[in-house]
Amino acid sequence: MTKRNPDYDFKWCPGCGDFGVLRALDKALEERCEALSEPIENTVFVAGIGCSGNIVHLQDGPQPYGIHGIHGRTLPIAYGVKAANPELNVVVAAGDGDFLSIGGEHIGPAARRNLDIVCVIMDNGIYGLTKGQASPTTQLNVITSTTPLGKLDEPENPLELYLTNGVGFIASMVSTKPKDITKAILAGIEYPGLAIIHIQSPCTTYNDTYSLLKGDVKNGIEPLAIDLPESHDSTDYDKALTIARSNKIPVGILYSKKGSQSMNQKIATQKQSTNAPQRTVDELLTTLSLK
Amino acid sequence: MTKRNPDYDFKWCPGCGDFGVLRALDKALEERCEALSEPIENTVFVAGIGCSGNIVHLQDGPQPYGIHGIHGRTLPIAYGVKAANPELNVVVAAGDGDFLSIGGEHIGPAARRNLDIVCVIMDNGIYGLTKGQASPTTQLNVITSTTPLGKLDEPENPLELYLTNGVGFIASMVSTKPKDITKAILAGIEYPGLAIIHIQSPCTTYNDTYSLLKGDVKNGIEPLAIDLPESHDSTDYDKALTIARSNKIPVGILYSKKGSQSMNQKIATQKQSTNAPQRTVDELLTTLSLK
Amino acid sequence: MSKNLIVRFAGEGGQGVVTASEGLAQAAAQVGYHVQTFSTYPSQIKGGPTLGQTRLSTSPILSAGDGLDVLVALDEYAYEYNKDELFDDGLIVYNSKEFTLDLPNAIGFDVDELARSTGNALSANMVMIGAVAGLANMPAKYFTEFITKRFDRGRDNDQAIIEANIKALSLGMKAVKDSIQALPEMDPPVSTNADRVLIKGFEAACLGALAADLDVFIGYPISPATTMLTFMQANLIGDNKHVGQASSEIESITSILGAGFAGKRSMTSTAGPGLCLMSEGIGLAWMAEVPLVVANVQRGGPSTGLPTKTEQSDLLMALNPGHGDMRTPVIAPGTVEECFYAGAHAISWAETYQGPVILLSEASLAERQQDIPRPDASNIDIAKRVVVDNKNGDTPQPRYLGEELTPFPIPGNIGAYTANGSEHDEQGDTTHLGKWHVQMTKRRFNKLKLLENDIYESENEDAEILIVPWGGSKGPAREAYDQLVADGEKVGWAYSMFVHPMPPNMIKLLLSKKLIVVPELNYMGQFASYLRTMKINAEPITQYTGLPFRKSILANNIKELISKELAGTL
Amino acid sequence: MSKNLIVRFAGEGGQGVVTASEGLAQAAAQVGYHVQTFSTYPSQIKGGPTLGQTRLSTSPILSAGDGLDVLVALDEYAYEYNKDELFDDGLIVYNSKEFTLDLPNAIGFDVDELARSTGNALSANMVMIGAVAGLANMPAKYFTEFITKRFDRGRDNDQAIIEANIKALSLGMKAVKDSIQALPEMDPPVSTNADRVLIKGFEAACLGALAADLDVFIGYPISPATTMLTFMQANLIGDNKHVGQASSEIESITSILGAGFAGKRSMTSTAGPGLCLMSEGIGLAWMAEVPLVVANVQRGGPSTGLPTKTEQSDLLMALNPGHGDMRTPVIAPGTVEECFYAGAHAISWAETYQGPVILLSEASLAERQQDIPRPDASNIDIAKRVVVDNKNGDTPQPRYLGEELTPFPIPGNIGAYTANGSEHDEQGDTTHLGKWHVQMTKRRFNKLKLLENDIYESENEDAEILIVPWGGSKGPAREAYDQLVADGEKVGWAYSMFVHPMPPNMIKLLLSKKLIVVPELNYMGQFASYLRTMKINAEPITQYTGLPFRKSILANNIKELISKELAGTL
Ligand SMILES: Cc1ncc(C[n+]2csc(CCOP(=O)(O)OP(=O)(O)O)c2C)c(N)n1
Ligand SMILES: Cc1ncc(C[n+]2csc(CCOP(=O)(O)OP(=O)(O)O)c2C)c(N)n1
Ligand code: SF4
Ligand code: SF4
Ligand SMILES: [Mg+2]
Ligand SMILES: [Mg+2]
């Protein structure tokens, strides 16, 4: 996984939002490794399928472990990694199609387990890699190759869904602010439970929303993306829900639930408290013995 | 699909909540057919896999069409039926495992399409047919064969999830009140969009929650299931969400969004407004002709 | 005197017929008989035609048996449905509260009434067992020992329960005494010093996997594989072990893939519908070379099929569960004992070749209870995967170097790479170049050679026609083979639980024969068709009733097939 | 003079090399040449090694061709990567802005610079086409006609664009004139009165399905099958028609199952990873007897594999997509023309036998553009399912009566039943009884007989060795066969797009032969192994580079295989 590999020549289109996300992520991993003097090999990067997922092959600098699997399955793969080794730092990267459409079924279970991972979601409101079909976050009436007359299905509000599924840490970001993203990723990694960094990462080729997000104040067009106020209390669920359900896209750390206990912590506590003994195969066979 | 079929001998356990649901459903279909003088063959009953799904084989009286397919796929099957023939009355029946766990991925898409169907969900907080494993609605710390030390994953709140997924009509019921269920089903059928009747239907064998639901007022145990007040305004989303997120189970019609347009209505409107012509194969071939 | 006793208890689900058969088996096994159980029931929790069957014998048992010595029928449907399987001299015990039978070989009494009269209505099983013991002239002491052991649970009312059950036993015995002609007296058990366990197929498979140091098990409930998940939930509980319930089979397979990638020995269990949902994930494990084991317990198919019935019809899918060029290693145990070794081998295989392995079991095998020699894990090579060695701090070789197996890098240690479902180069980066696809495809198939062994059975190797069963049909096929040999047929025998890769010398043997006869429980003749892809001239004998083969019918069918072959009309 | 011209445009994605090849094909086809295109590109949106190739000929074209007459290389990588495929007398046009080549058969100029000088930078394609026309001595008027037609779109600037493109063409022609030795002059097109269309494989398949009155199409995007979904979105828009995007392939398959149940002709499209996710749903359609069509466009596998490359490695899965006893009907077209008829037949088959059908296409076939005789749907029987007839109001017979096809009840009309994925009785109610499983299993397989036809090609039927390709390898295999025959080899030919059920007389023919040689694009020899299950002695010739066969290499490999067979060393 190095972009210097001559046989690996994947490129994003010029201007693709994912470039900003990559920069932010590279930086976050670098800072983390430095801060903790942890080897980069302690990080496992689980990527979805899409333009976005190719981020796993494009990282600069020392390379973490990676899994670039099948479409939509980042979360259960990450669950397995954490189940096997709670010490690993697991980062999921996926697009809106991968994470919310075909992979949407895994968000609830991951949240209810409370996997201690961070998910970096690149939402461009479109299926980029398959050349421009509608995704769950494509807005109403938008014309794509699968909605030639305009999209009819209601768009999904991912922030609201994360909240009601019980995701404990939710940041909403734009790809044009990589420094914020870096901070959010680092905070998400720290957070003892499921953290999702949901990033507006426009697709210049099939759904260019840069100007929508930024607005055009001179011409009286309000920006869609609005920074959360300094005063925002990210531990307030109701507040977070209200903001998520507004018709603006908040930028900042929307929610950070207090007192979160990750899956591995819960399991460890339960094992300790019950003290159920692990019997060896020999002991188990003895319970079945006819002797 | 008749319980008088000598080779079909499925039985629910004595006391199973699903009996009440069956009675309510039989009654609803009967009333509907009478009221509209519609043949029962206009109804398609799409059932999930579980003790609950077997309801499709147990109906009394004249028999509707049925699909008893594979685990978790009631909603997309129902989508296909409606896509093919908007005139059919489609009723989905499924359990909490079928609808919320393996089938959970289909709720969002069905809501966003706004399928004009009614779903009758029998929630017993357990996998009944496979003999008692935890389901998404199994409560914390409950011991089941897959949670021998008590369940650790946070339980799912289905009403809240339906609401935030955009389901337009939501009723919350208990199997002990079949008359209410009948009414709710009929209202759900009327509703022009996705309607879910979510029913607490206890499993006497693996997760008997009758007493929990009913409480034991004499001994100071409050009932878990509480009727919605007469005054409840079911068109108020925020109110519905607050109630859904309380720690009681409301009984009644929780939410009924105004102005709902079903998938088929939206498509018809769009087709009319755009007037795009359907070209015949011959016309299409002519566009490719080299002549 | 008789060396064999086959008893079937039949009634509705919830009446304890399966418990009765298992109680009889337990008691008989404890005094030294060989036993094997068999049961069927519909896919529902209470009610529905259910039967539990026990075969006892003074010698090791190969199948559930060819017919019934005793049928205990708790209702009329049970009688009607099962009566045709009685041997000519078989006897019937029926529940006279439900119906009456006017037959010389039938005796009725009110089972529940007798049980209640002991003061413990739950002792109805024991009444039934007593009746059987009476008919087979088995001494009461065989069972009183069992009863005493079973109910000695350190509770206050132990003694009362024990007494009621002993009473129930004697009431059952008395009820049949002198009333109808009894069966020939059962030979006493051959006392054996061998260390035996009474175990079910699924337990054996799970214990085998544990013996191979399984670390992570994640599954989704589905009959008849749920028992493996719940066994693991109860028993795989040590430090650094993990058991989880997934939200679907898609989660099961992809999560154990994550665990396998992270270096752990990982497994799931499922049945046909779940295997379908694992299709894509198994392909990923094959492509990215991640060790994992899928235990697929076959039931009647396709689709939701017959969830509680037995069948051997998932073989083609197991060999080729996904799209593209792949062929999953498959181990299909044929006996309860083999289940243990299959469980251990499956883990070892996954570790050895670094990829997915399918442990192909069957409903009737998973649920069968049998006495077997205590399994000995020290008998098998438990392989651990070759991992990147970090000792001298050198840069390790690339993950996917060359066309043969390479050491596995463990996350947390040096050797970072990408496990990639897209075609990739040596480091796992995506590539579109044909040369890598050629190299990696060869690599993935080459690794299968590491699994080749020559563990197979054969007999009468010089016969031109061999009987070659697979999986759970081994037992009845073996009985049929023995009978055919006794009848003077010139047939041979070959068998291995290693379906793919199949032992090379077994393939050679099969290739050298005129005809390979494959008894299998499916419609298509799946194993025979698999053998044919290797140019082996195989003909299936199929059955797809949801039930296992019976020796005598099978032997007849084989004879017929052989005579067709000899007559050149095949 | 030459009858054939093969041109490849190679560069990065986004530079218009595919557009150039399609423009050349369009222009040439319009003046009466036969054309066929071929392209490859990596799985990304812009950039990455990409090529578009066009073959022109005065006679119908069977394959992309065996080498290149002209290579237009836009960068050095493109040159290096493609140069080995030039014929000995092939010529190179390169982009001198990117690199230089000092070769007698190469000429360089700055493509973009020339385009810009026309005042329309977008005319670079036309510069490239002009260069090719110049080298092949093709008159400019072939292309000016095409340009005029193409850009006459009723907009203000049409004329300016037309002029710039004509200028670009002539600049390209001029740039190569006199500089290097040109190719032999291209024969003029054979003027033909036949009504031809220029069409891609996927368009042909979609139109075939529309010709068979497709009603409902629901799919999920995936390369290389997305084009079918978007074609339907644009074109299946009439009253009572429905096109939808599913949230996953699980939704695709189960929703078209719902539509098929409701009486409509329904279809989805996907590729390998999606086919995996459809596994369980296809099994349900088989079990519940619901008509539907899955178009699976093969790409490199397994897993995410090589999403944009071609392969024929999903056959085993297509034949047996799920667990349990099932064998899906499979139609695999071999040419763009056959794609049309395959699309229509797939729908008809699903309707005829009331079950799932797989239309097995391939990346290279779906994306290939070719001139073919205008398809004529009136040529084929478009079957509609037999439905329950409500006329006289009688109670209809039970849905699943007996062991043969029965009329299909349409919801909304009499004949209510349950379409059941569990084993069922005649009305579709769940049953656990073996007798129903036996009857229904037979029924499901019996219905396949309704699909048997004897539509296959054969030649030299008396040869002992036949070449029997399948799917998209038909073209190159046919060229190789023709060459072998010309070389005096004693080989015959047989082919059908009906893979399963295969034409019975074709099976007989194949069974009667010493050797069947199967050229196929996969590692395992999947079609050969399928033939072997029918006891046909088949040997595969495999290639798994992500690219189609080349005639000359294939012919050599076949010769080698034949001599091995004759020497008895196979
Ligand atoms: C099972 C399966 N279905 C479909 C695909 C095809 N596919 C690849 S990427 C993609 C969608 C990508 O959309 P998104 O996740 O939003 O990523 P983006 O390209 O927009 O970054 C699809 C449908 C696949 N690889 N696997
Ligand atoms: C793909 C698949 N996985 C698993 C199963 C096994 N299975 C049958 S029913 C069921 C769960 C039933 O739970 P629920 O939906 O709550 O229904 P209940 O029995 O409680 O009414 C499961 C896991 C299956 N049939 N198919
Ligand atoms: S298609 Fe869109 S998402 Fe994909 S690389 Fe290009 S700009 Fe980015
Ligand atoms: S197991 Fe539970 S859900 Fe199933 S029939 Fe019995 S009581 Fe009802
Ligand atoms: Mg996207
Ligand atoms: Mg349930």
Side-chain angles (χ1 to χ4, degrees), chain A residues 72 100-115 134 136-138 140-141 147-168 193-194 237-238 241-242 244-245 260-276, chain B residues 72 100-115 134 136-138 140-141 147-168 193-194 237-238 241-242 244-245 260-276:
Chain A
L100 300 173
S101 181
I102 193 168
E105 65 189 282
H106 307 297
I107 299 170
R112 296 197 291 276
R113 289 183 188 115
N114 207 16
L115 294 186
T137 56
T138 305
L140 268 189
N141 300 321
T147 56
L149 306 178
K151 192 184 178 206
L152 287 178
D153 293 355
E154 290 292 325
E156 180 172 308
N157 180 337
L159 299 178
E160 189 180 357
L161 275 174
Y162 299 154
L163 280 166
T164 53
N165 268 299
V167 178
L194 185 60
Y237 181 92
D238 293 315
L241 193 56
T242 309
R245 292 182 47 220
S260 171
Q261 263 212 323
S262 74
M263 173 184 82
N264 293 111
Q265 288 169 336
K266 288 190 284 182
I267 293 175
T269 311
Q270 189 179 59
K271 276 191 183 169
Q272 269 166 25
S273 73
T274 57
N275 257 318
Chain B
L100 300 173
S101 179
I102 193 168
E105 65 190 282
H106 307 297
I107 299 170
R112 296 197 292 274
R113 289 183 189 116
N114 207 16
L115 295 185
T137 55
T138 305
L140 268 188
N141 300 323
T147 55
L149 306 178
K151 192 183 178 207
L152 287 178
D153 294 354
E154 290 293 326
E156 180 171 307
N157 180 338
L159 299 177
E160 187 180 0
L161 273 174
Y162 300 153
L163 280 166
T164 52
N165 268 299
V167 179
L194 186 60
Y237 181 93
D238 293 316
L241 193 57
T242 309
R245 293 181 46 218
S260 171
Q261 263 211 320
S262 74
M263 174 184 80
N264 293 112
Q265 288 170 335
K266 288 190 283 182
I267 292 175
T269 311
Q270 189 180 59
K271 276 191 184 169
Q272 268 166 25
S273 74
T274 58
N275 257 318

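Proteins come first, then strands; the chains are lettered A, B, ... in the order of their sequence lines, and each starts at number 1. The analysis underlying the following values was restricted to heavy atoms, covering all of them including side chains, and did not include hydrogens, waters or symmetry mates.
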Q: Any non-hydrogen side-chain atom of P155(A) less than 4.5 Å from a side-chain atom of R112(B)?
A: no
Q: Does L149(A) offer a backbone N or O that forms a donor-acceptor pair with the side chain of Q270(B) under 3.5 Å?
A: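 Side chain of Q270(B) to backbone of L149(A), a donor-acceptor pair under 3.5 Å: yes, one is there.
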Q: Let's test your reading of the structure: which of P109(A), G150(A), S101(A) forms the most heavy-atom pairs below 4.5 Å with chain B?
A: G150(A)
Q: Apply side-chain contact (heavy atoms from CB on, under 4.5 Å) to D238(B) and R245(A), showing your working.
A: CA-CA 11 Å; D238(B) 293 316; R245(A) 292 182 47 220; 3.1 Å; yes
Q: State the OG1-CG distance between T269(B) and L152(A), to the nearest 0.5 angstrom.
A: 8.5 Å
Q: Please report the interatomic distance CD(E105(A)) to NE2(H106(B)), rounded to the nearest 0.5 Å.
A: 7.0 Å
Q: For N157(B), is it the side chain, the backbone, both or neither that has a heavy atom under 4.5 Å from a heavy atom of chain A?
A: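 N157(B) has no heavy atom closer than 4.5 Å to chain A.
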Q: Rounded to the nearest 0.5 Å, what separates atom CD in E154(B) from atom CE in M263(A)?
A: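 Answer rounded to 0.5 Å: 14.0 Å.
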Q: Quick one: pull up CG in L241(A) and OG1 in T164(B) and give me the separation to the nearest 0.5 Å.
A: 8.0 Å
